[in-house]
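Below is one structure, written out as structure tokens; the observations come after it.
It should be emphasised that the depicted structure is a prediction, and the values quoted were computed from it without experimental measurement. Letters A, B, ... are given to chains in the order of the sequence lines, protein chains preceding strands, and every chain is numbered from 1.
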Protein chains: 2
Amino acid sequence: MSTATVSRALASPDQVSPELRARVQAAVAKLGYTPNAAARQLRIKRSRTALVVTRRRWSAPFFAEVLRGLDEEFSAAGYAMVLGNVDEDGGERSRQLVDMMFSGTIDGAVLLSGRVAAADGRTMFEAGLPLVSLCAAIEGTHTILTDEGECIARGARELLRLGHRNFLYLPGPSDNYNEQVRWAALAEVFASASTDATVSRAEQCDFSLAAGVAAARDFLSMKQRPTAVIAVSDENAIGFLQTVQEAGVGVPHDVSVLGFDGIEFADFCRPTLSTIRQPRLELGRAGARILLKAIESGPPLSLSREILPNELQFRGSTGPVCET
Amino acid sequence: MSTATVSRALASPDQVSPELRARVQAAVAKLGYTPNAAARQLRIKRSRTALVVTRRRWSAPFFAEVLRGLDEEFSAAGYAMVLGNVDEDGGERSRQLVDMMFSGTIDGAVLLSGRVAAADGRTMFEAGLPLVSLCAAIEGTHTILTDEGECIARGARELLRLGHRNFLYLPGPSDNYNEQVRWAALAEVFASASTDATVSRAEQCDFSLAAGVAAARDFLSMKQRPTAVIAVSDENAIGFLQTVQEAGVGVPHDVSVLGFDGIEFADFCRPTLSTIRQPRLELGRAGARILLKAIESGPPLSLSREILPNELQFRGSTGPVCET
DNA sequence: TTGTATGCGTTATCAT
DNA sequence: ATGATAACGCATACAA
């Protein structure tokens, strides 16, 4: 029985005689043989491995769910998933990731990082592998976004309808894609001539709980407090919410709060946090599926661009403005 | 210039003449050459890749931080990290993970799953690769634990000292290692003759927010309510805390609540959640370091066992029992 | 249907 | 110090 025979019996069971197939399977089971992955990769030039690039900045509850979606699809397709964090660009870590793209260890990458890593004058692009970008528009990649701008605008309009006129926005880092989209959409709502409402931006700007707390402190010291707060993340909103309530401010009586993401903790606040729920699991699944398709179909025929719907959920933390 | 020369110039720069080294480096930079990883792996029988096995059950905020610690150390050592989820054992996913151990794709594994995956009568063990188990004692692996039993016992004793006599414990799944350790430690405290205090167990048992809420509902319907609640996770504790407060129960006035893990959200509850803070980042770092050492030192000389200290933090949600 | 032989891109051994 | 060469374990083209 030659090695070629075994290889075939394992890789294409339907191309060998049933008798041989059985014999091979028996031997494999008995000896505990597992084909060597490196040799196979070397031969077929495929690793059945996807790279997932992340950034610390992401909130853990959001990220974990996206990751689960990715894992589900990749593992169902028999792909392994290697994880890589890049926090700053251009460092040693970026080099590692770029090298992975060129060394044949991976067949493609999903970017949760918002940018394409670069090092030594090379970028992830030049490796010619398919790239999928999640939650950020990156030229040259398959992109999956959500309708975050529309949703936050819808949320703002709903709050306007509830009578709010003085808004506070808790922003994310200004170089962040999602922050930019959300703020732009929000600014447009308020720029539209049909309203005299105004929105101010809090100074703190990241996605953390701490930023929400800091913003709440500023809020508390204002003479003319906004009645509606729109946050770039649920963490922001929750930090804000807890802090102002601690200081005796009623939610939603004195101030309405709208978060973003729909993490699980938002369901368990008091009051439950109104939020814009992102399809976290589906983002991961869709991202993996697109990448797998791109890998299996060889040359990049055309770059896909998909927009998944968020869900605006007005719950306990938002209500009509109260005259007092 | 032969391939061997290039290989040497890249792998051991100090073993070739400076002139050649420069020439190779120039050519590499110019051509954008990256050595093929599969061929290298095939030759040296090392992949510089670690497998990290997880389970859905873990709380995202806890898990994300451990993962960060792992990533830091692995990437610093030039190792890639592949992630694999196993939820049930014995399925297709387990087979994949076991196969990875035998196919040479990885050099070792860190288990956050509490168990060694098995499939087709083979376990991860038999591959002979180093295994590190985090937060669970698994025979035959390098193990890193925390002093969770001691800490929860200390927490209970502190609550006893504050005058509490009627305790409620919110348990995790009974097949979970951490649940077992924590409950055993707790039970021992109450079994000790020096106290007449009693502890009952809530029926709900997983680490989720929802389980905490369900336990709170039961709590609210009790005629003789416990005055101290010890939860197996911060999520449990937070779900409980929010729900009983919603129903008008004062914390810590009417009931003291102690969580477990020290996730970030615990810092932002109202009141701040008393908890047992686990060294999440350090767990990840230590796990990676141990695995790397085991990989590089070849044959398993002896299995290490390390116990990291938790930190018992009594904060807003716990206080002396109030006679009313 | 099965076996034989070659090459994938490295690294290590050996000779120069 | 460098070059030639074999071998790693698999998949495939081709021969039988």
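The two atoms that bring B:Pro61 and B:Glu235 nearest to each other are CD-OE2, 3.7 Å, heavy atoms only. For the residue pair A:Ile295 and A:Gly108, the shortest heavy atom distance occurs at CD1-N, 4.2 Å. Minimum interatomic distance between B:Asn310 and B:Pro279 (heavy atoms only, all atoms of both residues): OD1-CD, 3.3 Å. Contact detail for A:Asn36 and A:Ala38: the closest heavy-atom pair is OD1-N, 2.9 Å. Annotation for B:Leu292 and B:Glu73: closest pair CD1-O, 3.9 Å, computed over non-hydrogen atoms. Across all non-hydrogen atoms, the minimal contact from B:Phe207 to B:Ser233 is O-OG, 3.0 Å.
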Check step by step if side chain to side chain donor-acceptor pair (under 3.5 Å) holds for B:Ser103 and A:Arg40. CA-CA 10 Å; B:Ser103 67; A:Arg40 176 201 237 94; over 6 Å; no
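Using a distance-only test at 3.5 Å, with no hydrogens or angles considered, a donor-acceptor pair links the side chain of A:Asp107 to the main chain of A:Arg48.
Distances shorter than 4.0 Å separate some side-chain N or O of B:Lys45 from OP1 or OP2 on D:dG9. Between A:Ser7 and D:dA11 there is a side-chain polar atom (N or O) within less than 4.0 angstrom of OP1 or OP2.
Of the residues in residues 27-44 of chain A, those with a non-hydrogen atom less than 4.0 angstrom from any atom of DNA chain C are A:Leu42, A:Arg43.
Straight-line distance from the CG atom of B:Leu10 to the C1' atom of C:dT10: 12 Å, rounded to whole Å. When rounded to the nearest whole Å, the span between CZ of A:Arg46 and C1' of C:dG9 equals 18 Å.
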Check the interface with nucleotides 1-3 of chain C: list each N/O to N/O pair with the protein under 3.5 Å, or write none.
from  : atom 1 : to      : atom 2 : distance (Å)
C:dT2 : OP1    : A:Ser17 : OG     : 2.7
C:dT2 : OP2    : A:Ser17 : N      : 2.8
C:dT2 : OP2    : A:Ser17 : OG     : 3.2
C:dG3 : OP2    : A:Thr5  : OG1    : 2.3
C:dG3 : N7     : A:Arg8  : NH2    : 2.8
C:dG3 : O6     : A:Arg8  : NH1    : 3.1

